[in-house]
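Residue indices begin at 1 and follow the sequence shown. Keep in mind the model is a prediction, meaning the values are calculated, not measured.
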Amino acid sequence: YCAAIPNYDYYHDIVNVSVGTVANPSNCGTTGGPGSILNRYSDYTTVLPPIVLAKGQSYPLSVSVVGNCGTASTTIGAGVTVFIDYNGDGTYSAAERVYSSANVVPPFTVSSSFTVPATAATGIMGMRVITSYNVAGASIAACGSYNYGETEDYLVKIQYVPNATGAGMYCSGDSVVLVGSAPGMSGEFTYLWIHPNGNTDTGAVLTIPNAQNNHSGTYKLCLLTYPCTAGSGPADTSGIRDVEIWISPTPGAPVVPPII
């Protein structure tokens, strides 16, 4: 990816990035892996595992910034912007800006959420977080130099998520049929259903005959895709689709008092 780095190593610094349930706290005295420059650029692509995201799913996002790193501090505001290389082409386009903040006085935390497009490429690609002195997030470029602030680079792993039908409420004794589908998928893959109790089944269709209350819960559907035509080698698991069902007990016959 292109370089994005401030000219100076003081004032604003990113001290936490959270995406979904993953958080990366830091401080003025820490930075990323090889190629990082304290208080200017933190490269976490080689020291943290990719953040797992699923197509079509929404995730909370927050970024915390302070204004007193390096040899000087400031109360002048800064903006924050976040890019994700959704199409995996090795660049950050304007359409791949997933968040931008106003110019905010430090210290501050900005929060939002974003949705991974269903058209995003699958695989491992980059995510870039930038805070820049006295510049609103929407005006921060993904590449190039700027005066004060910090750039942090991460990896994300975008996964395919299968579709499923059949969620809902059923009566005791009903036959429940859950049906998975994988539009756009090609090559060799297997459907894997995970029951609430941990049992598993394969196949696109999961049928639960004579369903009872103990069958209620969240069923998880994912795909196992095979990198080799012979089926050898480790299987890669897709994102998970949750399917919730509830089985209501059949009410008993009403009790009618005797007529005297």
Side-chain angles (χ1 to χ4, degrees), residues 18-23 49-62 84 86 98 111-124 156-228 231-260:
S18 295
V19 177
T21 59
V22 178
I51 301 168
V52 178
L53 305 174
K55 292 184 180 186
Q57 302 299 303
S58 296
Y59 297 90
L61 164 73
S62 70
I84 296 178
Y86 281 135
V98 302
S111 300
S112 186
S113 64
F114 66 93
T115 300
V116 179
T119 55
T122 56
I124 295 176
V156 298
K157 181 179 181 180
I158 298 180
Q159 296 182 322
Y160 180 92
V161 179
N163 293 333
T165 60
M169 180 78 75
Y170 296 86
C171 291
S172 178
D174 284 351
S175 181
V176 177
V177 180
L178 308 180
V179 180
S181 61
M185 279 293 294
S186 59
E188 295 186 58
F189 64 89
T190 299
Y191 293 91
L192 177 67
W193 290 96
I194 304 173
H195 295 238
N197 63 5
N199 291 341
T200 59
D201 279 291
T202 57
V205 179
L206 174 64
T207 302
I208 306 171
N210 190 29
Q212 301 298 319
N213 182 256
N214 64 310
H215 292 114
S216 296
T218 300
Y219 291 74
K220 298 180 180 294
L221 173 65
C222 62
L223 303 180
L224 297 180
T225 56
Y226 296 92
C228 305
S232 61
D236 178 50
T237 305
S238 74
I240 292 175
R241 176 72 66 186
D242 288 342
V243 185
E244 293 190 59
I245 66 171
W246 298 269
I247 313 299
S248 296
T250 302
V255 177
V256 178
I259 300 174
I260 300 176

*Test log, rule side chain to side chain contact (heavy atoms under 4.5 Å, CB included), inputs Ile208 and Tyr219*: CA-CA 12 Å; Ile208 306 171; Tyr219 291 74; 3.5 Å; yes

*Using atom types as modelled and distance alone, determine if a side-chain donor or acceptor of Lys55 lies under 3.5 Å from a backbone N or O of Ala120.*
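Yes; judged by distance alone, with no hydrogens or angles, the pair exists.
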
*Distance-only side-chain donor-acceptor flag, Gln212 / Ser172, under 3.5 Å*: yes

*asked:* Just to verify, which of Thr202, Leu221, Val205 counts as forming a side-chain contact (heavy atoms from CB on, under 4.5 Å) with Tyr191?
replied: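 Between Tyr191 and the candidates, side-chain contact (heavy atoms from CB on, under 4.5 Å) is satisfied uniquely by Leu221.
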
*Taking it one step at a time, do Tyr59 and Ile51 satisfy side chain to side chain contact (heavy atoms under 4.5 Å, CB included)?*
CA-CA 11 Å; Tyr59 297 90; Ile51 301 168; over 6 Å; no

Specify the closest pair of heavy atoms between [X] and [Y], including all atoms of both residues, with the distance to one decimal.
X      : Y      : value
Ser58  : Thr115 : OG-OG1, 2.6 Å
Ile124 : Pro50  : CD1-CG, 4.1 Å
Ala164 : Val243 : CB-CG2, 3.5 Å
Ile247 : Ser216 : N-OG, 2.8 Å
Ser238 : Pro162 : OG-CD, 3.7 Å
Ile245 : Ala167 : CG2-CA, 4.2 Å

[atom2] on [Y] to [atom1] on [X], rounded to 0.5 Å:
X      : Y      : atom1 : atom2 : value
Ile194 : Thr200 : CD1   : OG1   : 7.5 Å
Ser181 : Asn163 : OG    : CG    : 4.5 Å
Gln159 : Leu223 : CD    : CG    : 10.5 Å
Thr218 : Glu244 : OG1   : CD    : 3.5 Å
Leu61  : Ser111 : CG    : OG    : 7.5 Å
Cys171 : Asn213 : SG    : CG    : 12.0 Å

For residues [X] and [Y], determine if any side-chain heavy atom of one lies less than 4.5 Å from a side-chain heavy atom of the other.
X      : Y      : answer
Tyr160 : Pro183 : yes
Val19  : Leu53  : yes
Gln57  : Val116 : no

*Begin from the C-alpha positions of His215 and Val176 and carry the test side chain to side chain contact (heavy atoms under 4.5 Å, CB included) through to its verdict.*
CA-CA 10 Å; His215 292 114; Val176 177; over 6 Å; no

